[in-house]
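Just below is one structure, and these are the notes that go with it.
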Amino acid sequence: MNDKTYYLTTPIYYVNDIPHIGHAYTTIAGDVMCRYKRMKGYDAFYLTGTDEHGQKIQQTADEKGITPQQLVDEVHQNFRELWGVLNISNDDFIRTTEPRHEIVVQAMFKELMDKGDIYKGTYHGLYCVPCETYVPESNVGEGNTCPDCKRPLTPMQEESYFFKASKYVEALIEHYENNLKGIIPQSRYNEILSFLRSGVRDQSVSRTTLSWGVPIPGDEKHVVYVWFDALINYASAMGYINDRVKFEKYWKEARHLVGKDIIRFHCVIWPLMLLALGITPPVAIIAHGWWTVDGEKMSKSKGNVVDPFKMAEVYGVDPFRYFLLREVPFGNDGDFSERALVGRINSDLANDLGNLLNRTLQMIVNYFEGKVPEVKSDPEITILAVTVLEKIEKHYEEFAFDEVLKTIWAFLGRGNKYIDETMPWKLAKEEPNSEGNMKLAEVLKTLYEILRMSALLISPFMPDTANRLWAQLGLAGDVSKLKIDEQKWDSGGSVAVKKAEVLFPRIDIAKWEESRNIKKKGD
């Protein structure tokens with residue numbers, strides 16, 4: 001049994017939305033991390049899913065003349081389909097309307113009621129229907145609007161159950177003070193600690209104004225508040241009630257990837273709930289930034305919402321995956337631009353990676369009849385390869401995906417520079433078995449090893465590309481199933497390379513501009 005476990009989740013995505021670049025970004029990032037962990041020998045479990053209760057769902061279903069269940073059964077498929085297109089290797093997909101989830105929500109709610117940590121009272125406040133949240137007076141925007149979506153707030157008063165969040169605040173502060181990497185990046189850690197130290201009020205955790213939710217045990221005119229319900233998915237998918245072996249195996253290594261807009265729910269409310277239940281909070285919550293498009297905020301009215309399905313179709317799944325994680329330091333806000341994506345395809349993928357592969361394979365074909373020389377690599381590059389692996393490991397621990405890719409591409413860049421330094425075409429003119437001819441064998445073996453190791457390292461980001469590269473190197477199998485630490489430098493005997501199609505054809509910028517202008521006129 002593998003005792004190296006790793007459990008990573010995305011937020012569950014609200015099905016009233018169509019999948020956009022933000023959903024794709026989070027899910028690709030989690031996929032890359034779990035693929036890497038598996039290649040490092042971990043039993044990594046990756047969870048995503050959909051959030052399917054709440055007032056917005058009920059309203060939309062009413063407007064369409066269908067039941068909420070019919071609506072969510074239909075629209076959650078958009079997310080399942082997108083994860084298939086984007087080559088996401090999730091181990092589970094949870095829906096909050098599934099019985100396995102609702103049972104856990106009710107069990108946790110009842111446990112907290114029995115302990116006296118959930119009690120009945122009356123809630124007065126300003127409520128944002130689109131965000132499904134009460135807004136504290138201190139946060140209300142100009143003209144009684146929601147600070148997040150800017151829409152008008154509705155005054156509400158209703159009987160409600162409350163969770164004694166205030167009771168566990170000190171314990172949570174202590175947890176974070178003992179776990180300085182409990183929230184990544186550091187700026188979010190500081191923000192949450194400051195928020196906790198300013199005090200947290202008891203939280204309203206039920207609604208009587210709608211019926212589309214999980215009924216509260218013993219008081220079914222109330223349904224569980226959608227946020228309280230949604231957070232529990234991370235435990236219900238792990239078999240909190242029906243598979244304790246699985247829960248105990250993975251929960252100790254639980255981490256959540258979230259957008260910065262929902263960090264208070266994940267870094268405050270969720271761990272407070274867990275502490276009240278006697279469950280250890282997650283190892284870390286990792287918050288990333290938002291995406292703008294060509295410098296502007298995404299909005300349906302502007303018509304600038306990036307469709308991940310379309311980007312994958314037009315530019316390829318792997319280039320899209322690569323671009324999202326290379327372009328912006330994880331945690332920062334980023335700007336999506338098709339022009340920048342095309343630039344990355346041409347410079348990083350076609351030129352740096354593709355060109356190194358083509359030149360290397362062609363020289364092995366020309367000078368060694370397509371067989372990789374059975375010699376040792378250049379000692380200097382061998383040492384560099386070790387440092388590359390060490391650097392990458394550190395960057396992954398920080399969720400610094402852009403730094404991982406920069407490190408890999410610096411290694412590829414060293415390969416391209418190495419060709420210019422050693423000038424294999426000159427060495428090839430030397431007599432057979434001469435010193436120059438032996439150096440040629442070393443040079444080509446070194447370039448081959450750079451490409452072999454790079455295929456392993458890019459696999460989490462670009463699984464299909466890694467396999468195509470691997471096959472051209474004359475190697476068999478699915479790269480993602482290999483263990484990085486078992487693939488030793490300079491290992492293996494004589495291999496025949498299989499030069500094939502260009503990995504990334506360059507995009508003609510003039511033609512791309514022309515097609516873009518035609519499309520704009522058509523719109």
Side-chain angles (χ1 to χ4, degrees), residues 11-17 51-63 68 96 105 109 112 117-169 188 191-192 194-216 219 221-232 258-273 287 290 297-301:
I12 47 172
Y13 302 115
Y14 203 59
V15 289
N16 225 30
D17 260 344
D51 181 2
E52 301 184 1
H53 287 131
Q55 198 161 340
K56 281 187 282 187
I57 298 293
Q58 190 168 304
Q59 285 179 347
T60 303
D62 289 345
E63 287 162 12
T96 55
V105 172
F109 203 98
L112 292 173
D117 284 339
I118 285 181
Y119 60 92
K120 191 184 275 191
T122 304
Y123 195 89
H124 306 260
L126 291 168
Y127 190 72
C128 177
V129 173
C131 295
E132 307 214 12
T133 186
Y134 280 100
V135 178
E137 283 185 30
S138 58
N139 289 6
V140 172
E142 195 175 325
N144 253 20
T145 56
C146 172
D148 294 325
C149 73
K150 313 303 180 194
R151 293 183 178 90
L153 296 171
T154 306
M156 285 181 71
Q157 173 180 327
E158 61 177 319
E159 181 182 84
S160 177
Y161 284 89
F162 290 82
F163 165 53
K164 283 187 182 174
S166 55
K167 180 177 170 183
Y168 296 96
V169 169
R188 301 293 170 207
E191 175 190 327
I192 292 299
S194 173
F195 179 77
L196 286 168
R197 286 173 182 141
S198 68
V200 177
R201 293 191 300 184
D202 289 355
Q203 301 291 305
S204 170
V205 291
S206 75
R207 294 288 175 268
T208 57
T209 50
L210 74 157
S211 58
W212 184 240
V214 180
I216 285 177
D219 194 351
K221 72 174 182 179
H222 286 260
V223 296
V224 176
Y225 179 36
V226 67
W227 266 105
F228 188 95
D229 159 15
L231 289 163
I232 290 170
V258 300
K260 67 179 183 180
D261 53 325
I262 52 175
I263 61 167
R264 285 191 184 173
F265 288 106
H266 285 83
C267 301
V268 177
I269 305 304
W270 176 228
L272 289 173
M273 289 162 59
W290 288 336
K297 188 175 179 181
M298 273 193 295
S299 76
K300 289 176 189 171
S301 59

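Hydrogens, waters and symmetry mates play no part in the numbers below; they use all other heavy atoms, side chains included. Here, residue 1 is the first one in the sequence, and each next residue gets the next number.
Here the CD-CE distance, from Gln203 to Met273, works out to 10.5 Å after rounding to the nearest 0.5 Å. The line from CD1 of Ile12 to CG of Asp51 is 4.0 Å long, rounded to the nearest 0.5 Å. Between the SG atom in Cys131 and the CD1 atom in Ile262 there is a gap of 12.0 Å [rounded to 0.5 Å]. Within the model, atoms CG of Asp202 and OH of Tyr119 stand 3.5 Å from one another, a figure rounded to the nearest 0.5 Å. Once rounded to the nearest 0.5 Å, the distance linking OG of Ser206 with CZ of Phe162 reads 8.0 Å. Here the straight-line distance linking atom NE2 of His222 with atom OH of Tyr161 works out to 5.0 Å at 0.5 Å rounding.
Side-chain polar atoms of Thr96 and Asp229 form no donor-acceptor pair below 3.5 angstrom.
Looking only at distances, a side-chain donor or acceptor of Gln58 sits under 3.5 Å from a matching main-chain atom of Ser211. A donor-acceptor pair under 3.5 Å links the side-chain atoms of Thr145 to the main chain of Glu142, judged by distance alone.
The two residues Gln55 and Leu210 make their nearest non-hydrogen contact at N-CD1, 3.4 Å. Closest of all the heavy-atom pairs between Leu196 and Val169 is O-CG1, 3.6 Å.
Side-chain contact check for Pro155 versus Leu126: some heavy-atom pair is nearer than 4.5 Å. Residues Val200 and Tyr168 are not in side-chain contact: their nearest non-hydrogen atoms beyond the backbone lie 4.5 Å or more apart. Cys128 is not listed as a side-chain neighbour of Asp148, based on a closest heavy-atom distance of 4.5 Å or more. At least one side-chain heavy atom of Thr122 sits under 4.5 Å from a side-chain heavy atom of Gln157. Side-chain contact between Glu191 and Ile263 is present, with heavy atoms from C-beta onward closer than 4.5 Å.
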>> Show, in sequence, the C-alpha distance, side-chain angles and deciding distance for Thr209 and Tyr127, and conclude whether the side chain to side chain contact (heavy atoms under 4.5 Å, CB included) test is met.
In response: CA-CA 12 Å; Thr209 50; Tyr127 190 72; over 6 Å; no
>> The test is side chain to side chain donor-acceptor pair (under 3.5 Å); show your working for Glu159 and Thr208 and say whether it passes.
In response: CA-CA 7 Å; Glu159 181 182 84; Thr208 57; over 6 Å; no
> side chain to side chain contact (heavy atoms under 4.5 Å, CB included) between Val224 and Val205: does it pass, once the steps are laid out?
Replying inline: CA-CA 6 Å; Val224 176; Val205 291; 5.7 Å; no
>> Apply side chain to side chain contact (heavy atoms under 4.5 Å, CB included) to residues Lys56 and Val226 and explain how you reach the verdict.
In response: CA-CA 10 Å; Lys56 281 187 282 187; Val226 67; over 6 Å; no
>> side chain to side chain contact (heavy atoms under 4.5 Å, CB included), that's the test. Do Leu231 and His266 meet it? Break it down for me.
In response: CA-CA 8 Å; Leu231 289 163; His266 285 83; 3.7 Å; yes
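Residues meeting the side-chain contact (heavy atoms from CB on, under 4.5 Å) test with Ser194, sequence neighbours left out: none. Shown here are the side-chain contact (heavy atoms from CB on, under 4.5 Å) partners of Asp261, two or more places apart in sequence or in another chain: Trp290.
Under the ring-ring contact (aromatic ring centres under 6.0 Å, His included) rule, His53 has a single partner from Trp212, Trp227, Tyr14, Tyr225, which is Trp212. The only member of Trp270, Phe109, Phe265 that meets side chain to side chain contact (heavy atoms under 4.5 Å, CB included) when paired with Phe228 is Phe109.
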